[in-house]
Structure formats: structure tokens, C-alpha cells
Amino acid sequence: MKGGIDFHTHPVLVREMVEKHPGLARAARETYYCGNNFQPLEVMLLEMDIAGIDKAVVLPIDATTSRNATVYTNDQIVEVCRMSDRLIGFASVDPHQEAAPQALTHAIENLGLRGLKLAPAMQEFYADDRKAYPVYARAQELKIPILFHAGMSWEPGSRLKYGHPLRFEDVAADFPALNIVLAHLAWPWVVDAVALALKYPNVYLDTSALFFDNPHDFLRYAMTQQVPLTVFERSLRKQIVFGSNNPRIEIKTMAQAIRSLGFSQECLNLIFRENAEVLLGGRA
Amino acid sequence: MIIQLHRIEVISRKDMEMIDITPQVDRLVEASGAAQGTVFITTAHTTSGIIVTEGVWCLELDIPAHLERLAPKQPPEGAYGYYHNRYLDFDGRLGYNAADHLKSVIGGIQTFFPIEDGKVVRGARQRVYFVEYDGPLARTIFIQIMGQAS
């Protein structure tokens, strides 16, 4: 078994990138809202090593209309991915902009990015708003997954109402060939997110949830008490991917927490690697 | 009077790790021009420490292991659970590394040694360690040299 894939990281603290692009410091502090020290990329790779993670998906957010800001542009994601072959770059587009589908095509076909990140709470749109449908249609044509922020958001100004799982049902139903990932287990609406995943095979969940206590105790609550572990193990084993939400959560701690829950080794292999490989079209 | 403040960076490669920084301290003192004085070594971080001990691999394992016994990363249940498990708005994330802060408090964050004839005066077995409790991370250590030239 190869090492795992972390399907949810934000490279906002990568020091080399902040030194080259000082505006990224402001994006990290004021838009993404993360106050930790900037660190060399090497630190993230070392943390992946000790967590048993081979590769990490790195995510931008295009919040041009809602915040007049981007938390990494697609070009900057390409740039950070050039620093290590262990990084898998996703694109982001602004669904409020008419040219968003074309921007997505450019990011995938010309820049070589592998998926799409959308954050309805920060970008201020409802996932089932028909305005965003051309973006979904283009993602489906391009055969790339969409990773949606879902559930609670920490950033000031980001409203929880945009993250409710039921706002994603129309997308799952209307684009059955489009794989969508609801991040953070859509907490606190884990039951609703699980219901969606049970009903729609193109709905995946990522594990990057931490809203109180610590990863070990929080995930034990969300994945064994809010929803029994058996539901994930038996019914959703092919629809869960490991995500840390680094740097809000450390990769090492999140990986350890998931491994401590009591999943079978076969299910852990799916969560940590194989399901992500499917989403990435079989090539990680 | 010579007063110098140096900042050195080390990158820890593990979750917990002892890194011998004695050579860096010695070099900075010898280059400072201070013949008689004091060197102060202080970590800039609250989940790391500065410890002086014998420079052997077995202690490099024993010390973090027993600090982990005293302040385990997984919080103990009941009265000794960690209040630090909560959202920190200034960091935009939860604090869940109370154990690493506690280790830093127990082990200490600084040390100092005399300088004599331009060299650090240490006991024969003493080494200066930067101790990582929450790595891997790039860390800063302050080394301040105060003394008189010969």
C-alpha cells in the first residue's frame, strides 16, 4: 500500500510563496483568516511524512466578487505545485462571473490542474443557484471533481447558511456524472450529509472536520456518535476521503485520529488513498 | 561592552525531537569578540523548549518520552482534561496542543552559560538542546551574547 492522499489542504502559510507574492500574507490573515507563522514548504512535506501521506491536494479560493480577494490564484497554485511533485493542484473560479466556465477550462487544460474548489460561504453563493450550473456542466465535461466547502465556516463574514448539505442535492441529482465532495463532513449537519451520500453515489465526504475539542475526540463524536461508524464502514466506504484542512488542522493529528476510530484496514486504505485516486481519475 | 542578539532557525523533522544546538551557540560566542560574559539561549516558541543534558541518544529518547508521560497529547479524562481545546480566534483554528505547551513549561524555555576567554564554559557532559514538542516546524531560537572584549 502506498502512502495516503490528503484531499484537503490550503497552502496559505507556505513561506516561499509569501516571500514571492506578499499579497498572499494578507490573503492568509484577512481572507482565509489564519494567524499561524509562515513556514517553509519543507515543513508541510515533513508533516506528511510522519502522517503516512504521500501527496496532498492544494486548494485556492477565488472570492473576487464577494471579497475582492483570492486565496491563491490558479497560477499561484501551479507555482507552488512546481516546488514539489507531492502536491496536486486544484483550481478555483468565481461562480458569479460569466467567464467562470472558460476560466475553468483554461485551468484544467492549459495549467494542468486536477479538480475544482468552491467555497459557497466565502464566495457567497448557494450551491444550487442556477447561476453556478454552467460551471458544474463544464466540470462534468472535463471529468474533474468539485470539492465544496460545506458545513460551518470559521472566517468572519462567512455565513453558515451557504453550507447546508441540502443545498447540494440539486447539484448531485442534476449532474449525476459529476463527482462532488462535501468537505468537513458538512458539520454540524453530518446526518444530512450522510443521507445525501447514501442516496447519491456521486457525493463524497471528506474528513477534515474539527470544530471543538481535538481531532481525536471530535471525530469520535462525529463519526461514531452523530452517525455510527458502521454506516461509514459498510455503506460509505467508497465515498469518504481523508482530508486534514491543513493548516487549520495538523495533518499528523488528523491522520492519527481517523486511524484510531476503529475502521478496518481495508476501509482505511479506501479512505486514505483509493477513493481519492478514483476522484482524480485513477492517477494520483 | 558587547551586546549581540542572534536569531537562528532550526527545522524539526519529527513530532517530538531533541536537536543539539551546542555547535551553533559555541560558534556565535567565539565569533562575537566577547572574552568574558554570558550567553543566553531562549526559544521563541511556547510549544518547544531549551534543555541542558548529556549528549547521548538514549536521553534524547527518554526525555521526550517522559515529558509525554507527564503531559500526554491525548488529554486525560476528567479533572485533568485540557481547557486549551477550544477555538482561538487569533489563530483561526482550534488549540489542541495543551500537552505541548505543558511540556514547554515543565522543561523550560531558556538557559545561559558563562563565557570565559572567548569560549562558552560548559560542564564536560553538558549539551544545549532545542526541544521540539509539536513538530515538524521551522523554529527560531534567540541567542544573546553579553560581555566584554579582552
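Naming: A, B, ... by sequence-line order, numbering from 1 per chain. No experiment lies behind these values; they were computed from the predicted model shown. Computed over heavy atoms, backbone and side chain alike; hydrogens, waters and symmetry mates excluded.
- Other residues, nucleotides and ligands contribute at most 12 non-hydrogen atoms within 6.0 Å of the CZ atom of Arg159(A).
- Taking the side chain as every heavy atom from C-beta outward, Trp154(A) and Tyr87(B) approach each other to under 4.5 Å.
- Residue Gln4(B) qualifies as enclosed at atom CD: its count of foreign heavy atoms under 6.0 Å is above 12.
- Note: Lys252(A) leads Arg15(A), Glu155(A), Lys252(A) in heavy-atom pairs under 4.5 Å with chain B.
- Atom OH of Tyr80(B) has 12 or fewer neighbouring heavy atoms from other residues, nucleotides or ligands inside a 6.0 Å radius.
- Neither the backbone nor the side chain of Asn245(A) comes within contact range of chain B; no heavy atom of the residue lies under 4.5 Å from a heavy atom of that chain.
- Within the 4.5 angstrom heavy-atom criterion, no atom of Tyr32(A) approaches chain B.
- Looking at Glu47(A), its side chain never comes within 3.5 Å of a backbone N or O of Pro136(B) through a donor-acceptor pair.
- Counting non-hydrogen atoms of other residues, nucleotides and ligands closer than 6.0 Å to CD of Gln36(B) gives a total above 12.
- Contacts between Pro156(A) and chain B at a heavy-atom distance below 4.5 Å are absent for every atom of the residue.
- Both the backbone and the side chain of Leu137(B) have a heavy atom closer than 4.5 Å to some heavy atom of chain A.
- Of all the heavy atoms in Leu210(A) and Tyr96(B), the pair that sits closest is CD2-CE2, 3.4 Å.
- Contact detail for Ile11(B) and Pro40(A): the closest heavy-atom pair is CD1-CG, 3.9 Å.
- Within a 6.0 Å sphere centred on CZ of Phe112(B), heavy atoms belonging to other residues, nucleotides or ligands number 12 at most.
- For chain B, the nearby parts of Glu250(A) are the backbone and the side chain; heavy atoms of each come within less than 4.5 Å.
- Going from atom CE of Met16(B) over to atom CD1 of Ile50(A) covers 10.5 Å, rounded to the nearest 0.5 Å.
- The residue from Asn36(A), Ile249(A), Asn246(A) that alone fulfils the side chain to side chain contact (heavy atoms under 4.5 Å, CB included) condition with Arg93(B) is Asn36(A).
- For chain A, the nearby parts of Asp15(B) are the backbone and the side chain; heavy atoms of each come within less than 4.5 Å.
- Using modelled atom types and a 3.5 Å distance limit, the side chains of Asp217(A) and Gln74(B) yield a donor-acceptor pair.
- Residues His45(B) and Asn37(A) have side chains in contact (heavy-atom distance under 4.5 Å, counting atoms from C-beta outward).
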